[in-house]
Protein chains: 2
Amino acid sequence: MVEPATDTRSASKVVPLLKDELDIVIPTIRNLDFLEMWRPFFEPYHLIIVQDGDPSKTIKVPEGFDYELYNRNDINKILGPKASCISFKDSACRCFGYMVSKKKYIFTIDDDCFVAKDPAGKPVNALDQHIKNLLSPSTPFFFNTLYDPFRDGADFVRGYPFSLREGVPTAVSHGLWLNIPDYDAPTQLVKPLERNTRFVDAVMTIPKGTLFPMCGMNLAFDRELIGPAMYFGLMGDGQPIGRYDDMWAGWCTKVICDHLGLGVKTGLPYIYHSKASNPFVNLRKEYKGIFWQEEIIPFFQAAVLPKECTTVQKCYIELSKQVKEKLSKVDPYFDKLADAMVTWIEAWDELNPSGAAAKSNGKA
Amino acid sequence: MVEPATDTRSASKVVPLLKDELDIVIPTIRNLDFLEMWRPFFEPYHLIIVQDGDPSKTIKVPEGFDYELYNRNDINKILGPKASCISFKDSACRCFGYMVSKKKYIFTIDDDCFVAKDPAGKPVNALDQHIKNLLSPSTPFFFNTLYDPFRDGADFVRGYPFSLREGVPTAVSHGLWLNIPDYDAPTQLVKPLERNTRFVDAVMTIPKGTLFPMCGMNLAFDRELIGPAMYFGLMGDGQPIGRYDDMWAGWCTKVICDHLGLGVKTGLPYIYHSKASNPFVNLRKEYKGIFWQEEIIPFFQAAVLPKECTTVQKCYIELSKQVKEKLSKVDPYFDKLADAMVTWIEAWDELNPSGAAAKSNGKA
């Protein structure tokens with residue numbers, strides 16, 4: 001059996017990389033006791049807590065953490081009518097945190113994720129690994145068989161073109177999960193006891209042109225490079241679907257990263273995922289997604305962005321048009337979603353005026 | 001430091017999978033003492049030894065192994081004028097072994113490769129892992145973040161399309177190397193002491209549309225599915241280039257697998273690679289390849305095979321035409337290589353008449 005690290009205090013002598021350039025975004029409906037185990041790793045950073053559900057409830061945050069907290073009333077007040085693009089009663093609400101952050105990097109984690117141990121029994125500083133992933137280049141154009149060539153003790157293998165060895169900037173670092181794997185409801189139902197115990201000591205770039213299922217449980221990204229594409233869609237309350245928020249963001253993000261020449265990595269770091277969600281509830285949330293994805297994925301695989309799309313915002317608006325044009329026939333939901341994608345970008349640019357201006361002046 | 005397994009006798013109770021359906025192909029210029037360490041794993045199988053260099057030299061094979069051995073005189077006798085397509089004084093000669101085999105599967109290994117240990121210290125039965133890789137499907141159309149979904153304890157993650165979960169047949173299993181990594185001469189020169197000590201416990205499919213540097217040191221494939229594409233080119237004696245034999249085969253193979261809907265896996269198993277080859281000698285062999293690959297790789301990335309190419313042979317002949325048309329301008333060598341590709345297929349079909357007939361009757 002795989003177990004979480006139960007004593008992380010000894011790990012407290014870490015140097016907090018990018019301390020003033022990274023926010024940790026946590027969506028939650030409960031008290032954040034899970035932060036105790038993360039204290040040595042997260043305490044130096046600023047937290048953005050997005051409270052989902054009943055705004056009158058008080059969320060307790062352990063002493064000593066520096067945080068700002070937004071509930072639904074705050075979101076409505078800050079975004080006004082544009083708050084409609086932020087999901088309610090679904091962890092998709094976390095993307096509001098990406099939008100209000102003023103930092104270059106985001107790390108987002110679920111409140112049922114604990115500190116994993118590496119095979120030597122050492123607590124894994126997930127945030128530190130994500131930062132290393134983001135600060136080193138990606139290699140999307142050719143596969144390196146020894147995985148991340150920028151890691152200590154590794155390099156590009158024989159036959160890797162020298163012209164591609166500088167790599168490209170990394171926009172996304174997708175981390176994995178020990179214990180409860182991120183399975184869909186049907187797989188949960190069929191394999192209720194399956195646990196992920198395999199620690200794969202690798203980070204790799206997902207090749208250009210290849211889509212992947214991006215999970216939002218343990219995820220970091222460069223907000224300046226890709227932030228506006230990290231919209232978690234319309235899920236939960238009043239919507240016909242849930243549990244596809246991160247998938248939607250992942251498909252859009254990957255298509256845009258491929259277009260803009262940015263890298264997406266997956267692999268390390270692991271977190272310890274403690275609780276399997278209820279597969280029956282999940283099935284209800286997921287079942288439309290399970291058949292819609294059979295059409296959505298080919299849509300994204302075929303999506304081409306014109307070369308005039310030189311910023312993430314322009315790419316995203318263009319994608320919203322293609323969603324409206326090609327996916328609305330799957331379900332009227334996609335018509336609404338396409339509109340929400342536009343609203344999201346308008347809200348993003350309103351809250352991040354310099355970025356919006358700089359990008360459209362600089363590159364248009 | 002990473003070390004080879006020095007006692008593999010205890011491992012002798014393995015069940016030899018596919019005993020009568022797999023040949024082990026070994027190119028060599030020396031006595032095959034290295035087989036002693038592989039005895040518990042290889043002894044039940046038939047070996048095809050391709051002796052390179054001086055045919056008057058006698059190669060000693062340890063007692064108890066079942067083998068056939070071909071030297072240059074044998075190759076010339078069997079292939080007649082078509083023997084020109086088989087390289088001399090280069091391990092590229094190994095592909096002659098693929099051609100004379102009558103089995104469905106091939107495993108090929110270099111004679112400086114020993115048995116690796118897994119992190120628990122257990123000797124790794126590389127052949128057994130290759131067979132498992134070949135017998136389970138590949139998933140080239142969408143990335144699975146928990147790696148091989150067919151392995152025990154793993155599955156497809158949330159968001160993986162159900163329509164793609166059957167996978168496709170696996171044609172190639174590319175294994176890796178502990179200790180001496182497979183670096184090119186410039187990297188060897190810059191990092192003479194680098195050793196690969198990282199055991200990454202993963203097998204994964206290389207996505208469709210992504211090329212990779214295929215190393216011939218520790219490689220298995222399904223001869224019926226992809227054999228005729230496993231041509232190791234013209235290298236060594238009388239040729240302007242060496243050490244690109246496996247790379248050439250890898251590029252051709254991957255393009256053809258992508259076209260025919262076949263899978264290519266990389267990762268486990270590891271072997272222990274004992275000797276770094278001389279980087280100065282390697283540089284002399286490689287230097288043309290190092291700049292040619294900057295044009296060859298974009299050529300293969302852009303290569304499209306028409307849908308009439310329904311067999312490996314047809315695909316390969318079509319590729320040879322494209323090589324002649326598009327790479328001859330890089331160097332006249334590619335004109336010769338394109339001709340040799342055709343000769344290789346003619347020789348293959350001559351030695352494998354039923355396969356050639358079956359394939360062109362069955363699918364044309």
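Of the two parts of A:Leu211, the backbone and the side chain both hold a non-hydrogen atom closer than 4.5 Å to a non-hydrogen atom of chain B. Within the 4.5 angstrom heavy-atom criterion, only side-chain atoms of A:Thr210, from C-beta onward, approach chain B. In this structure, the portion of B:Pro186 lying under 4.5 Å from any heavy atom of chain A is its side chain and not its backbone. With a threshold of 4.5 angstrom between heavy atoms, A:Asp246 approaches chain B through side-chain atoms but not through N, CA, C or O. The parts of A:Arg243 that come within reach of chain B are both its backbone and its side chain, each placing non-hydrogen atoms under 4.5 angstrom from that chain. For A:Glu286, the part sitting under 4.5 Å from any heavy atom of chain B is the side chain, from C-beta outward, and nothing else. Heavy atoms closer than 4.5 Å to chain B are found nowhere in A:Pro119, neither backbone nor side chain.
When every heavy atom of A:Glu294 is checked against every heavy atom of B:Pro161, the shortest pair comes out as OE2-C, 3.6 Å. In terms of heavy atoms, B:Phe142 sits closest to A:Pro213 at CE2-CD, 3.7 Å. Heavy atoms only, all atoms of each residue included: B:Gln301 and A:Phe141 are closest at NE2-O, 3.1 Å. Nearest heavy-atom pair across A:Arg198 and B:Ala154 is NH1-CB, 4.2 Å. Heavy atoms only, all atoms of each residue included: A:Val157 and B:Tyr183 are closest at CA-CD2, 4.2 Å.
Of the residues considered (A:Tyr244, A:Phe199, A:Phe162), A:Phe162 shows the highest number of contacts with chain B, using heavy-atom pairs under 4.5 Å. Top candidate by heavy-atom pairs under 4.5 Å with chain B, chosen from A:Met214, A:Met204, A:Gln188, is A:Met204. With chain B as the partner, the residue from A:Gly153, A:Ala202, A:Pro140 showing the most heavy-atom pairs under 4.5 Å is A:Gly153.
Taking 4.5 Å as the limit, some side-chain heavy atom of B:Leu146 sits within range of a side-chain heavy atom of A:Pro181. Residues B:Trp177 and A:Thr145 meet the side-chain proximity criterion, which asks for heavy atoms closer than 4.5 Å. B:Asp184 has its side chain out of reach of A:Tyr160: every pair of non-hydrogen atoms, C-beta onward, lies at least 4.5 Å apart.
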Could you check A:Asp201 against B:Asp201 for side-chain contact (heavy atoms from CB on, under 4.5 Å), going step by step and ending with a plain yes or no? CA-CA 7 Å; A:Asp201 187 15; B:Asp201 186 15; over 6 Å; no
Test side-chain contact (heavy atoms from CB on, under 4.5 Å) on B:Thr187 and A:Phe156; report intermediate values, then the result. CA-CA 8 Å; B:Thr187 308; A:Phe156 292 97; 5.9 Å; no
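Once rounded to the nearest 0.5 Å, the distance linking CG of B:Asn144 with OG1 of A:Thr266 reads 9.5 Å. Between atom CZ of residue A:Phe143 and atom NE2 of residue B:His174 there is a gap of 9.5 Å, rounded to the nearest 0.5 Å.
Atom NZ of B:Lys122 has 12 or fewer heavy atoms from other residues, nucleotides or ligands within 6.0 Å. Within a 6.0 Å sphere centred on OH of A:Tyr333, heavy atoms belonging to other residues, nucleotides or ligands number more than 12.
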